Amino acid sequence: MARANAAYYAAHDPFADFTTSPEITQVFGEVLGLWAAVTWEAMGRPDPVLLVECGPGRGTAMADALRAIGQAAPAFRAALRVHLVETSPRLRALQAARVPDAAWHDGLDTLPPGPMLLLANEFLDALPIRQFVRRGGGWVERFVDGGVFVEVPLVGEGGAARPPHPGPLPEGEGDVLETCEPAQAVAASLAERVAQQGGAALFLDYGPATSAPGDSLQALRGGKPADPLADPGTADLTAHLDFAALAAAASAAAVHGPVPQGPFLAALGLFQRTGRLARTQSPARAAALVQAAQRLAEPDRMGRLFKVLCIAHPALPTPAGFEA
Ligand code: SAH
């Protein structure tokens, strides 16, 4: 699956298949930028400071964030250094057009040391998952081979093995468990880093707040739900993010949330900022801006299924948007 998804991101414009919050309204990236500015103040205004984004897509959120930071927090704008973690050469080119003064990385390990603020929207859900199925009191791993699912018993030293999952395991025959070790590794390494060097990392993604067993693997091809097993590399594959597993992996630092995206963005001023921007626009554009903000925040749209989690230095006060 890892290989299928890497091939997909390298060869396709993923935004032809789905849309994401920063592409829905510029105010999304703007309020994330203001969140970073407020958190930087709470950190004691370190200078220099890294502003990192993982999986920046078209670079829209970072461009919007930097514009808002430049207007509202010029001292933060002067102190920050932009670092983008992106594997796709095509997307790097799009990002460079919008965020020219960034440095690019294949992974977190090459980021320079120091305090940082990190943003990641729909990044972790793009990382490869493994699927396990409960069979006859043990576990099998489910693979895709030649367009069909095959099940291979999970064995470790001395017999049956446990899937790599930090929480309790489901026990029903046929129950499906998904794990995402790369996402847990990202959470663990960022927790160590911010605990030692200072900072906070903000993840926005979709998934339940508590681990829920079940098959959440989805494929989108040309914007329509598709068979995840067919034609590897031609569809975007995503799975619901397991926030409980992520929080468990980040135990070296303080974990805030997950909170639903709607109240989080509202607390950061999504609607006030949208209203101010709308007043300067034509009636049609103003209405579109308000509708876009509602799409991100309303519970039956993206406001509840999407969650926000923050991994922060333990001495940092509760970050903005997580107070409730
Ligand atoms: N944050 C953007 C894009 C989300 S799509 C938005 O909200 O619009 C996922 C992004 O993660 C893409 O930029 C993709 O190329 C990148 N990505 C996927 N796997 C990655 C990996 N292993 N390392 C770095 N970036 C990756």
Side-chain angles (χ1 to χ4, degrees), residues 1-33 35-36 51-66 82-99 102-111 117-130 180-190 201-207 217-221 223 232-241 261 264-265 270 292 295-296 302 305-309:
M1 246 172 282
R3 200 144 18 104
N5 235 21
Y8 169 81
Y9 279 114
H12 290 78
D13 179 356
F15 303 97
D17 284 327
F18 60 86
T19 190
T20 56
S21 300
E23 307 300 332
I24 291 170
T25 170
Q26 68 181 73
V27 183
F28 178 80
E30 291 173 1
V31 297
L32 293 192
W35 179 90
L51 179 61
V52 182
E53 186 176 358
C54 289
R58 290 176 168 166
T60 309
M62 184 56 85
D64 292 337
L66 290 173
V82 180
H83 292 265
L84 302 178
V85 178
E86 174 62 64
T87 43
S88 159
R90 291 183 66 256
L91 291 176
R92 279 190 184 198
L94 292 180
Q95 293 154 18
R98 291 179 139 168
V99 190
W104 277 265
H105 303 263
D106 285 325
L108 296 170
D109 43 332
T110 55
L111 290 171
L117 289 150
L118 182 144
L119 306 173
N121 184 60
E122 291 206 53
F123 167 68
L124 295 175
D125 75 70
L127 301 179
I129 61 157
R130 292 168 73 188
C180 186
E181 287 149 282
Q184 291 176 30
V186 165
S189 96
L190 284 173
L202 191 71
F203 294 95
L204 300 97
D205 230 307
Y206 57 99
L217 184 65
Q218 304 171 351
L220 288 175
R221 187 176 290 109
T234 65
D236 180 60
L237 297 179
T238 72
H240 286 183
L241 198 64
Q261 168 170 289
F264 176 81
L265 294 177
L270 173 73
R295 180 171 170 190
L296 298 192
M302 296 170 78
L305 184 54
F306 277 73
K307 306 279 191 311
V308 193
L309 183 95

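Predicted model, so just to flag it, every value in this text is computed and none were measured. Order of listing sets the numbers, starting from 1, for every ligand and every atom in it.
- Polar contact check, Glu23 against ligand 1: no nitrogen or oxygen pair lies under 3.5 Å apart.
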Leu241/Cys180 under side chain to side chain contact (heavy atoms under 4.5 Å, CB included): CA gap, chis, key distance, verdict:
CA-CA 8 Å; Leu241 198 64; Cys180 186; 5.6 Å; no
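- Taking only nitrogen or oxygen atoms, main chain and side chain alike, Gln95 does not reach within less than 3.5 Å of ligand 1.
- At least one heavy atom of Pro56 lies less than 4.0 angstrom from ligand 1.
- For the ligand labelled ligand 1, residue Pro22 lies inside the 4.0 Å heavy-atom shell.
- Looking only at side-chain heavy atoms (C-beta outward), Leu118 and Leu108 come within less than 4.5 Å of each other.
- Polar contact with ligand 1: absent for Ala126 (N/O pair, distance under 3.5 Å).
- Contact annotation: for Leu127 versus ligand 1, heavy atoms closer than 4.0 Å belong to the side chain alone.
- Judged as a side chain to side chain donor-acceptor pair (under 3.5 Å), and not counting sequence neighbours, Glu53 has no contacts.
- Both the backbone and the side chain of Asn121 come within 4.0 Å of ligand 1, judged by heavy-atom distances.
- Considering backbone and side-chain N/O atoms, Glu122 never comes within less than 3.5 Å of an N/O atom of ligand 1.
- Looking at Phe28 and Glu23, their side chains never come closer than 4.5 Å, going by heavy atoms from C-beta outward.
- Of all atoms in ligand 1, listed by their number and element, those nearer than 4.0 Å to a heavy atom of Gly57 are 2 (C), 3 (C), 13 (O).
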Derivation and outcome, side chain to side chain contact (heavy atoms under 4.5 Å, CB included), residues Lys307 and Phe264:
CA-CA 9 Å; Lys307 306 279 191 311; Phe264 176 81; over 6 Å; no
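- For the side-chain contact (heavy atoms from CB on, under 4.5 Å) criterion with Leu204, the lone passing option out of Leu119, Asn121, Thr20 is Asn121.
- Among Thr87, Leu119, Asp205, the residue whose heavy atom lies nearest to atom 20 (C) of ligand 1 is Thr87.
- Around atom 14 (C) of ligand 1, the closest heavy atom drawn from His105, Met62, Arg90, Glu86 belongs to Glu86.
- Checked by distance only, ligand 1 and Gly55 come closer than 3.5 Å through their nitrogen or oxygen atoms.
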After noting the C-alpha distance and the side-chain angles of Met62 and Leu51, does the key distance pass the side chain to side chain contact (heavy atoms under 4.5 Å, CB included) rule?
CA-CA 9 Å; Met62 184 56 85; Leu51 179 61; 3.7 Å; yes
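- For Arg98, the side chain to side chain donor-acceptor pair (under 3.5 Å) criterion is met by Thr60, not counting sequence neighbours.
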